[in-house]
Visitor: 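Pasting in a structure now, in structure tokens, and then I'll have a few things to ask.
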Amino acid sequence: MPLIDTEAAPRVNGSRVIFALDYASLREARIGAEAVASAVGMLKIGLELFVHAGPEALALGKQCDLPVFLDLKLHDIPETVERAVGRAAELGASILTVHATGGTTMLKRAVQRAARAKDDGAALTIAAVTVLTSLDDADLAGIGVSRTAGEHAVSLARLAQDAGVTAFVCSPHEARAMRDALGGEATLITPGVREGSAPKDDQKRVATATKAVEDGASWVVVGRPIRDAADPRATAERLTAEVAAALAGRASRSRAEARS
Ligand code: C5P
């Protein structure tokens, strides 16, 4: 399996761990981010913090000298999404998520708007969310999807790739199938990362960071396991080291495969 080298965000300290700032206030988010800033590669601002603090939350990226992953999971008509992409680019986000289920036109317009923003100096990558890691096959059946979560995620990712998307959010369970389907250049971002015996919380399709990367992830997203740890910084450092070791292992396996 080829090692990805596409960068979805500027490499700051080499860490491929994205810390999800799922906090209720900007103050708590700042304390949480500053505690782990040197041990993670990106900060993720999701719905809770953005709804609470708005664009001000993106200043945390500059304060911590880290790129910002703006996880708004946009899903609306193409015009509305395109315009929101324009505003996110102005805010300096490095990655913005949209739902692949928004369809081809929405995805194309999001990608095209991000590309236009590059001409104005922004560096925004659109990432397509495939199937949420909190959903399993039974949940999908409940919303009328008869495919398995894995099949559905790969199919949505292919649709997004055809629309020009280069980064994809998926469960570690689909990472291998995604990597095989999308190729070595795709950026794969996997939330749903848990250490062996840790509580899964509301996540259903989880795996360890090592397994996620061995199977093809480029970045892992971690929220509660760092946020709620007794020592968040030590946990972030351990995860960063784990991901780095798994990426190095994957690179050497890939070189060995290329030689044989
Ligand atoms: O706390 P935990 O590590 O489960 O947090 C995972 C983060 O990743 C949350 O912020 C969640 O919104 C996000 N996410 C996810 N599944 C997706 C996309 C994003 O869990 N498919």
Side-chain angles (χ1 to χ4, degrees), residues 8-9 15-24 28-29 32-33 36 39-53 57 60 68-75 93-102 125-137 139-140 143 145 149-150 152-157 160 165 167-175 177-178 187-213 215-229 232 235-236 238-240 242-243:
S15 170
R16 292 297 189 98
V17 173
I18 301 171
F19 177 38
L21 294 175
D22 293 329
Y23 290 97
E28 288 169 280
V36 302
V40 299
M42 218 185 307
L43 297 175
K44 184 171 90 67
I45 293 172
L47 290 174
E48 181 182 12
L49 192 58
F50 198 76
V51 167
H52 171 72
L60 291 173
V68 170
F69 179 122
L70 188 55
D71 189 18
L72 299 184
K73 298 189 180 69
L74 302 177
H75 188 181
S94 293
I95 301 183
L96 173 69
T97 48
V98 303
H99 269 287
T101 43
T125 295
I126 298 296
V129 175
T130 54
V131 177
L132 294 172
T133 38
S134 55
L135 301 178
D136 61 15
D137 295 352
D139 295 311
L140 287 183
I143 53 170
V145 176
H152 196 47
V154 169
S155 157
L156 287 170
V165 174
F168 309 84
V169 183
C170 65
S171 145
H173 288 205
E174 286 93 60
M178 286 278 182
T187 298
L188 292 192
I189 303 165
T190 60
V193 165
R194 290 293 182 272
E195 285 175 325
S197 56
K200 290 204 287 187
D201 306 307
D202 56 350
Q203 301 283 23
K204 291 184 180 163
R205 294 172 11 260
V206 301
T208 62
T210 297
K211 177 87 173 85
V213 173
D215 283 352
S218 328
W219 292 83
V220 299
V221 176
V222 185
R224 287 162 289 188
I226 293 177
R227 186 195 68 186
D228 301 339
T235 305
R238 195 171 62 244
L239 282 161
T240 285
E242 192 181 325
V243 168

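In this text the structure is predicted, and so the values were computed from the model without any measurement. Just so it is clear, the values below take in all heavy atoms, side chains as well, and ignore hydrogens, waters and symmetry mates. Whatever order the structure lists ligands and atoms in, that order sets their numbers, starting from 1.
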Visitor: Tell me, which protein residue and heavy-atom name are nearest atom 20 (O) of ligand 1, and how many Å apart are they?
Guide: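 Result for atom 20 (O) of ligand 1: Q203 NE2, 2.8 Å.
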Visitor: Taking all atoms of both residues into account, what is the closest heavy-atom pair of R227 and F19, and its distance?
Guide: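 Where R227 meets F19 most closely, the heavy atoms are N-CE1, 3.8 Å.
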Visitor: Side-chain contact, heavy-atom cut-off 4.5 Å: L47 with L72?
Guide: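 The answer is yes; the side chains approach within 4.5 Å.
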Visitor: Consider side chain to side chain contact (heavy atoms under 4.5 Å, CB included). Of D22, L43, D71, L60, which one does L49 pass it with?
Guide: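 Only one of D22, L43, D71, L60 forms a side chain to side chain contact (heavy atoms under 4.5 Å, CB included) with L49, namely L60.
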Visitor: Would R224 and D202 satisfy side chain to side chain contact (heavy atoms under 4.5 Å, CB included), going step by step from the backbone distance to the final call?
Guide: CA-CA 11 Å; R224 287 162 289 188; D202 56 350; 2.7 Å; yes
Visitor: Side chain to side chain contact (heavy atoms under 4.5 Å, CB included) between R194 and D201: does it pass, once the steps are laid out?
Guide: CA-CA 10 Å; R194 290 293 182 272; D201 306 307; 2.9 Å; yes
Visitor: Please report the shortest heavy-atom distance between E174 and G150, naming the atom on each side.
Guide: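 Smallest heavy-atom distance, with atoms named: CG-CA, 3.5 Å.
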Visitor: Can a non-hydrogen atom of V169 be found less than 4.0 Å from any atom of ligand 1?
Guide: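 In this structure, V169 qualifies as a contact of ligand 1 - some heavy atom is under 4.0 Å.
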Visitor: For ligand 1, which atoms, with element, lie under 4.0 Å from some heavy atom of V221?
Guide: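 This gives 7 (C), 8 (O) as the contact atoms.
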Visitor: So which heavy atom on T130 is nearest to which on A153, and how close?
Guide: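 Looking at all heavy atoms of both residues, the closest pair is CG2-O, 3.5 Å.
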Visitor: Please list, in number order, the atoms of ligand 1 under 4.0 Å from a heavy atom of R224.
Guide: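 So the answer, numbered in order with elements, is 1 (O), 2 (P), 3 (O), 4 (O).
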Visitor: Quick one, T190 and C170 - any side-chain contact, counting heavy atoms below 4.5 Å?
Guide: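 They are in contact (side-chain heavy atoms under 4.5 Å apart), so the answer is yes.
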Visitor: For T133, which part has a heavy atom under 4.0 Å from ligand 1: side chain, backbone, both, or neither?
Guide: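 For T133, backbone and side-chain atoms both sit under 4.0 Å from ligand 1.
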Visitor: So which heavy atom in the protein is nearest atom 11 (C) of ligand 1, and how far is it from that ligand atom?
Guide: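 Heavy-atom neighbour on the protein nearest atom 11 (C) of ligand 1: K44 NZ, 3.9 Å.
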Visitor: Show me which atoms of ligand 1 lie under 4.0 Å from any heavy atom of A20.
Guide: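 Answer, ordered by atom number: 10 (O).
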Visitor: Can you check whether V193 reaches P225 side chain to side chain, under 4.5 Å on heavy atoms?
Guide: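 Heavy-atom side-chain distance check fails, nothing below 4.5 Å.
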Visitor: How close does the nearest protein non-hydrogen atom get to atom 9 (C) of ligand 1, and which residue and atom is it?
Guide: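 The closest heavy atom on the protein side is D22 OD2, 3.4 Å.
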Visitor: Can you report which non-hydrogen protein atom sits closest to atom 19 (C) of ligand 1, along with the distance?
Guide: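 The protein heavy atom lying closest is K73 NZ, 3.2 Å.
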Visitor: When you compare the side chain of V17 with that of I226, does any pair of heavy atoms fall below 4.5 Å?
Guide: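 In short, these two side chains touch, coming nearer than 4.5 Å.
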Visitor: How close does the nearest protein non-hydrogen atom get to atom 3 (O) of ligand 1, and which residue and atom is it?
Guide: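 Ranked first by proximity to atom 3 (O) of ligand 1 is G223 N, 2.8 Å.
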Visitor: Pull out every atom of ligand 1 sitting under 4.0 Å from any heavy atom of R194, numbered as shown with elements.
Guide: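 Reading through ligand 1 atom by atom, the close ones are 1 (O), 2 (P), 3 (O), 4 (O).
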Visitor: Using a strict 4.0 Å cut-off to heavy atoms of P191, name the atoms of ligand 1 that fall inside it.
Guide: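 Those qualifying, in numeric order: 8 (O), 14 (N), 15 (C), 16 (N), 17 (C), 18 (C), 19 (C), 20 (O).
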Visitor: Using a 4.0 Å cut-off to any heavy atom of P225, which atoms of ligand 1 qualify?
Guide: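 Close to P225: 3 (O).
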Visitor: Distance under 4.0 Å to a non-hydrogen atom of L132: what atoms of ligand 1 satisfy this?
Guide: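 Atoms satisfying the 4.0 Å criterion: 17 (C), 21 (N).
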Visitor: Run the numbers for me: atoms of ligand 1, each under 4.0 Å from some heavy atom of D71, listed by number.
Guide: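 Selected atoms, number and element: 12 (O), 13 (C), 19 (C).
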